[in-house]
> 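Take this structure, written in structure tokens, and hold onto it; I'll ask about it next.
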Number of protein chains: 2
Amino acid sequence: MSVAKKITINDVALAAGVSVSTVSLVLSGKGRISHATGERVNEAIEKLGFVRNRQAVSLRGGQSGVIGLMVRDLSSPFYAELTAGLSEALEAQGRMLFLTQCGRDADQSERCFATLLSQGVDGVIIAGAAGEGASLRDMAAARQLPLLFASRASHLDEADIIRPDNMQAAQLVTEHLIRRGHQRIAWLGGRSSSLTRAERLGGYCATLLQYGLPFHSDWVLECEPSQKQAAEAISDLLRRNPTISAVLCHNSTVAMGAWFGLMRGGRQGGEGGMESYYDRQVALAAFAEVPEAALDDLPVTWVTTPAREIGHTLAGRMLQRINQEEDALRHQIIPARLVPQR
Amino acid sequence: MSVAKKITINDVALAAGVSVSTVSLVLSGKGRISHATGERVNEAIEKLGFVRNRQAVSLRGGQSGVIGLMVRDLSSPFYAELTAGLSEALEAQGRMLFLTQCGRDADQSERCFATLLSQGVDGVIIAGAAGEGASLRDMAAARQLPLLFASRASHLDEADIIRPDNMQAAQLVTEHLIRRGHQRIAWLGGRSSSLTRAERLGGYCATLLQYGLPFHSDWVLECEPSQKQAAEAISDLLRRNPTISAVLCHNSTVAMGAWFGLMRGGRQGGEGGMESYYDRQVALAAFAEVPEAALDDLPVTWVTTPAREIGHTLAGRMLQRINQEEDALRHQIIPARLVPQR
DNA sequence: TTGAAAGCGGTACCAA
DNA sequence: TTGGTACCGCTTTCAA
């Protein structure tokens with residue numbers, strides 16, 4: 001053996017003493033082939049270590065078994081988790097994932113999309129690249145290519161989109177705090193340009209009003225995802241507004257920073273352990289990007305956006321679209337789950 | 001327009017009034033074609049929105065421009081970051097990534113590998129699936145397919161592998177602690193079955209000995225990645241061994257838990273802020289999966305394994321292998337970086 | 001400088 | 001129940 005000879009159906013046909021058509025039929029399990037022949041073909045396949053060439057299949061007009069994913073940034077925990085879930089579910093369908101990172105640049109996105117097309121994907125999923133959705137949606141429609149959007153916030157009508165229910169998440173956690181007796185609830189974290197944050201703020205605000213509680217816009221603070229900045233921000237906030245009894249944090253980093261801030265800013269001396277400051281005065285709740293079993297020592301109530309579940313849902317929806325089971329576009333919204341502080 | 005007509009070189013040839021061969025030559029920039037013809041062809045390509053079918057190219061014997069990645073679990077920050085870096089660098093090469101998650105199961109791995117083969121990848125990268133390396137290595141060799149391993153720990157000779165220098169990382173951070181005057185340094189975290197941990201422990205231990213410091217095996221504690229468990233573990237440890245002045249943590253979760261443990265177990269009352277317990281008594285250092293700018297409020301010295309850089313290196317090495325620039329197998333070890341406590 | 005045609009590895013129609 | 005064969009879109013000699 002010198003040059004790696006790739007095994008084709010011709011080799012299999014030869015070894016099994018049948019024609020290529022027969023091998024093809026056995027492979028796809030279509031035409032009725034006699035048991036004996038089937039056996040022989042499968043033996044030959046086994047013996048030769050044949051693997052079917054999907055490119056040839058796809059070229060001939062079949063499915064490639066590949067879904068293209070355009071994700072803004074894989075190193076973000078939310079999108080990593082979503083991608084993991086998607087890949088998991090697709091593999092269960094016998095499909096695979098083609099991965100591209102497309103930043104936030106429109107040109108870049110179009111190039112990614114073209115590359116995916118050239119690879120013959122059966123469908124495309126866009127995770128997070130909100131901006132240029134419309135143009136990509138039209139390109140996909142022109143080619144009759146199933147296109148799904150997965151996003152952290154809603155945008156772009158006329159598209160098949162699956163996303164977390166940010167408003168419900170915020171309502172859920174705000175209501176939880178209220179039920180625990182908190183009347184003065186502040187917000188910490190996120191940038192004002194974030195759509196996700198805007199939707200969450202909507203749910204938070206609406207819930208306050210619903211319970212007849214005050215909404216103070218100066219209780220809503222922006223904050224970078226930095227523990228240090230969060231710690232400073234919460235200290236400032238509580239110094240200026242000592243009556244605030246709960247703080248809702250935009251993400252886990254901010255929540256941790258807030259916790260540090262509470263502890264340091266808390267009492268020096270006084271009775272009880274360090275947690276008492278929290279117990280008696282300020283409760284923390286926070287949105288979590290992923291279910292963080294590891295963060296089990298923080299006195300925080302979490303509300304998590306099920307990124308992995310969104311991935312699974314995307315895979316299922318893509319299957320429908322590919323099989324043309326349901327062509328109508330629709331919005332699918334995945335609810336959040338509450339993990340009360342233990 | 002009804003059914004999406006895909007544009008092929010035939011259409012382009014027709015529109016430009018030339019033959020398909022000419023179009024092909026223009027596309028690949030090979031044979032000498034007249035400027036005028038080139039212009040017309042490019043115009044036609046532009047006008048029709050032609051995108052070249054890579055499957056056909058690959059079928060004909062060319063490269064597919066796709067690299068297969070088998071990763072154990074994408075939702076682990078280390079592998080997510082590695083994948084992000086890899087994808088980034090590959091895209092700069094005009095290549096793409098085929099993603100599979102292959103758990104730790106050998107069967108599953110072989111199936112993933114076969115799927116990648118059937119898609120006509122130009123090369124395969126295995127990230128973390130240590131176990132079945134040998135059999136996959138042989139299958140790749142038989143097909144003359146470039147195969148790279150990326151791993152958190154060393155294993156499997158006779159393979160092209162790129163990995164972090166766990167021993168050096170541990171030496172680096174241990175030496176740092178010693179230089180800061182610590183003589184009694186404990187270890188917290190990780191499972192004893194972890195190869196990464198074993199290599200790090202080697203570096204830690206070697207450095208202690210090198211400086212003539214004592215190594216106590218009962219100062220090395222296992223711990224799950226849970227803040228709560230880490231907090232309890234460090235409290236126990238320090239209660240039994242009050243002379244320990246620094247603790248090296250296996251990951252950031254353990255580091256955070258340890259910090260909570262220190263604060264709670266610290267003094268109740270006494271002079272100074274809460275940090276004084278740390279300042280005067282116990283220093284923390286920890287391995288970080290990714291550069292965590294967000295964890296900037298912990299008094300911890302970090303040593304980070306550059307996962308993204310490993311991704312970049314993989315892309316570069318794969319390019320070499322594909323171009324046959326260097327066929328010799330080799331180990332490439334990426335050093336860690338120290339981020340001293342601010 | 002350009003065109004005609006064979007073939008990559010399958011699939012599927014039409015005969016046998 | 002099987003076999004022969006024309007494609008799928010592109011590359012690549014070989015001729016013109």
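In what follows, every chain begins at residue 1, and chains take the letters A, B, ... in the order their sequences are listed.
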> Taking OP1 and OP2 of C:dG3, is either one under 4.0 Å from a side-chain nitrogen or oxygen of B:T22?
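The answer is yes; a side-chain N or O of B:T22 sits under 4.0 Å from OP1 or OP2.
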
> Can you say whether a donor on the side chain of A:S21 sits under 3.5 Å from an acceptor on the base of D:dG4, or the other way round?
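Between D:dG4 and A:S21, which were checked side chain against base, a qualifying N/O pair under 3.5 Å is present.
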
> Calculate the interatomic distance between B:L14 atom CG and C:dG3 atom P; express it in whole Å.
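In whole Å, C:dG3 P lies 12 Å from B:L14 CG.
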
> Please determine if a side-chain N or O atom of B:T37 lies less than 4.0 Å away from the OP1 or OP2 oxygen of C:dT1.
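No, B:T37 has no side-chain N/O under 4.0 Å of OP1/OP2 on C:dT1.
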
> Is a salt bridge present between B:D160 and B:R330, judged by a nitrogen-to-oxygen distance below 4.0 Å?
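B:R330 and B:D160: not salt-bridged.
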
> Can a side-chain donor-acceptor contact be found between A:S19 and A:T22 if the only test is distance below 3.5 angstrom?
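Short answer, yes.
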
> Grab the NZ-C1' distance between A:K6 and C:dG9 for me, whole Å please.
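One finds 9 Å between C1' of C:dG9 and NZ of A:K6, rounded.
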
> What integer distance in Å separates A:R54:CZ from D:dC8:C1'?
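These atoms are roughly 15 Å apart.
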
> Report the distance from atom CD of A:Q55 to atom C1' of C:dG7, rounded to the nearest whole Å.
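Taking CD of A:Q55 and C1' of C:dG7, I get 16 Å after rounding.
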
> Provide, to the nearest angstrom, the distance between the CG atom belonging to A:N10 and the C1' atom belonging to D:dG3.
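These atoms are roughly 13 Å apart.
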
> Contact class for A:V51 (heavy atom, under 4.0 Å): base, sugar-phosphate, or nothing?
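If one applies the 4.0 Å heavy-atom cut-off, A:V51 turns out to touch the sugar-phosphate alone, with no base involved.
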
> Atom CZ of A:R32 and atom C1' of C:dA12: how far apart are they, to the nearest Å?
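It is 13 Å, rounded to the nearest whole Å.
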
> Please give, in whole Å, the distance from C:dC13 C1' to A:K30 NZ?
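Between C1' of C:dC13 and NZ of A:K30: 12 Å.
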
> Picking from C:dG10, C:dA12, D:dC10, which would you name as closest to the side chain of B:N53?
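Of the options given, the side chain of B:N53 lies nearest D:dC10.
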
> From C:dT2, D:dT2, D:dG9, pick the nucleotide closest to the side chain of B:L59?
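Of the candidates, D:dG9 comes closest.
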
> Distance only, no hydrogens: is a donor on one side chain within 3.5 Å (strictly under) of an acceptor on the other, for A:T37 and A:S34?
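Yes, side-chain donor-acceptor contact under 3.5 Å.
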
> Distance alone, cut at 3.5 Å: any donor-acceptor contact between the side chains of B:S64 and A:Q55?
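On atom types as modelled, these side chains do not qualify, holding no pair under 3.5 Å.
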
> Between A:R308 and A:E88, does any NZ, NE, NH1 or NH2 come within less than 4.0 Å of an OD or OE carboxylate oxygen?
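Result for this pair is yes, salt bridge flagged.
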
> Give a yes/no answer on whether the side chain of A:R52 brings an N or O atom under 4.0 Å of OP1 or OP2 in C:dT11.
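The answer is yes; a side-chain N or O of A:R52 sits under 4.0 Å from OP1 or OP2.
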
> Find which nucleotide of DNA chain C each of A:I9 and B:L25 is nearest to by heavy atoms, and output the residue with the more 5' nucleotide.
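Its nucleotide being nearer the 5' end, the pick is B:L25.
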
> B:V20 or B:S34: which one's nearest nucleotide on DNA chain C is closer to the 5' end?
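Its nucleotide being nearer the 5' end, the pick is B:S34.
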
> C:dT2, D:dT12, C:dT11: which one has an atom nearest the side-chain heavy atoms of A:S24?
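When the side chain of A:S24 is considered, C:dT11 is the closest of C:dT2, D:dT12, C:dT11.
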
> Check every strand shown and say whether B:V23 touches a base, only sugar-phosphate, or nothing at a heavy-atom separation below 4.0 Å.
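Contact class for B:V23: none.
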
> Distance check needed: D:dG9 P versus B:I45 CD1, whole Å only.
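Nearest whole value for this atom pair: 16 Å.
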
